[in-house]
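Below is one structure, written out as structure tokens, with a few remarks after it.
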Amino acid sequence: MTATFPTSHPTSSRTSPAPSVRSTGRVPSSTADRRQAARTALAEHLSTHDPLAHVDRTVPERTWARVGTGAGADIWLITWPAGSSTGWHDHGSASGAFVVLTGSLTEYVWTGVATAGTLGASSVREFDGSHIHDVVNHGTETAVSLHAYAPGLAAMTRYELVRGRLQVTSVEQRGESW
């Protein structure tokens, strides 16, 4: 798996490999530090693990598993059967990054209106703690992605789109639902 990790703001078209950053285990404090930690955690994990080695692509529902930690971030592997979706959500205060390992995913981002972008294999997306999105596999095959959240994912707020506005439906805490 080869992925290019952005070193600047996600809307920038310039990308380059992530710089080598030693994992300290400390919680990154600024948004930029958190995004850097997420990128670094993904790069380090991919350099030492084959995340696809134990993926069961026949499971009929979306699955997720915490597969490691690194650079102040939690690392999660998500399997996306055709038609599966996260629903609208955020990641609490965590910033993050994810790379599509196989297949393609469509990310709907909420900025007062929904915008969409499709991410193919090896595409990397990063975001800060205010990011609200819905990720969907519109393809016909199972997709797989690897995600990193810094600091570790502790809460997620769920939303529902009602009359053109997002309304909070629940707040999930780590340990309750995942």
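- Partners of S95 under the side chain to side chain donor-acceptor pair (under 3.5 Å) rule, at least two apart in sequence or in another chain, do not exist in this structure.
- The aromatic rings of W110 and W88 sit perpendicular, their planes meeting at an angle over 60°, well past the 30° parallel limit.
- Between L42 and E126, every side-chain heavy-atom pair lies at or beyond the 4.5 Å cut-off.
- Rounded to the nearest 0.5 angstrom, T63 OG1 and D56 CG are separated by 8.0 Å.
- For the pair T86 and R158, the tightest heavy-atom approach, listed with the atom from each and the gap, is O-NH1, 2.6 Å.
- Interatomic distance, CH2 of W76 versus NE2 of H147, reported as 11.0 Å (0.5 Å rounding).
- In this structure, L153 and M156 have side chains that are in contact, with non-hydrogen atoms separated by less than 4.5 Å.
- A donor-acceptor contact closer than 3.5 angstrom links the side chains of H131 and E107.
- Contacts of R66 classified as salt bridge (Lys or Arg N to Asp or Glu O under 4.0 Å), with partners at least two apart in sequence or in another chain: D74.
- V59 and V144 fall into different hydrophobic clusters, defined by Ile, Leu, Val, Met, Phe, Trp and Tyr side-chain heavy atoms under 4.5 Å apart, directly or through other members.
- By the 4.5 Å heavy-atom criterion applied to side chains, H91 and F127 are counted as neighbours.
- At distances below 3.5 Å, at least one donor-acceptor pair connects side-chain atoms of R34 with backbone N or O atoms of S93.
- Taken to the nearest 0.5 Å, the OG atom of S122 stands 8.0 Å off from the CG atom of L101.
- No side-chain donor from either of T48 and E44 sits under 3.5 Å from a side-chain acceptor of the other.
- Looking at every heavy atom in both residues, Y159 comes nearest to H89 through CD1-CA, 3.8 Å.
- I132 and L161 fall within a single hydrophobic cluster, where Ile, Leu, Val, Met, Phe, Trp and Tyr side chains are chained together by heavy-atom contacts under 4.5 Å.
- Scanning all heavy atoms of the two residues, the minimum distance from A143 to G103 falls at CB-CA, 4.1 Å.
- Minimum interatomic distance between I75 and A41 (heavy atoms only, all atoms of both residues): CD1-O, 3.7 Å.
- Residues V55 and L77 are in side-chain contact: their nearest non-hydrogen atoms beyond the backbone lie under 4.5 Å apart.
- A side-chain donor-acceptor contact under 3.5 Å links W80 and S145.
- V109 is not connected to L166 by any chain of hydrophobic side-chain contacts under 4.5 Å among Ile, Leu, Val, Met, Phe, Trp and Tyr, and they are in different clusters.
- Defined by atom type and a distance below 3.5 Å, a donor-acceptor pair is missing between the side-chain atoms of T118 and S104.
- A38 and A97 get closest at one heavy-atom pair: CB-N, 3.7 Å.
- When the side chain to side chain contact (heavy atoms under 4.5 Å, CB included) test is applied to H49, the partners found at least two apart in sequence or on another chain are H45.
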(request) Given side-chain contact (heavy atoms from CB on, under 4.5 Å), test V171 with Q173 step by step and report yes or no. (result) CA-CA 7 Å; V171 178; Q173 301 292 325; 3.4 Å; yes

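- Of all non-hydrogen atoms in T79 and P81, the two that sit nearest each other are O-CD, 3.5 Å.
- Side chain to side chain, S85 and N137 fail the donor-acceptor criterion of an N or O pair below 3.5 Å.
- Using the six-membered ring where Trp is involved, H138 and Y108 have ring planes that are perpendicular, over 60° apart on the 30 and 60° scheme.
- Checked options L119, I78, V135; the residue passing with V100 is L119 (criterion: side-chain contact (heavy atoms from CB on, under 4.5 Å)).
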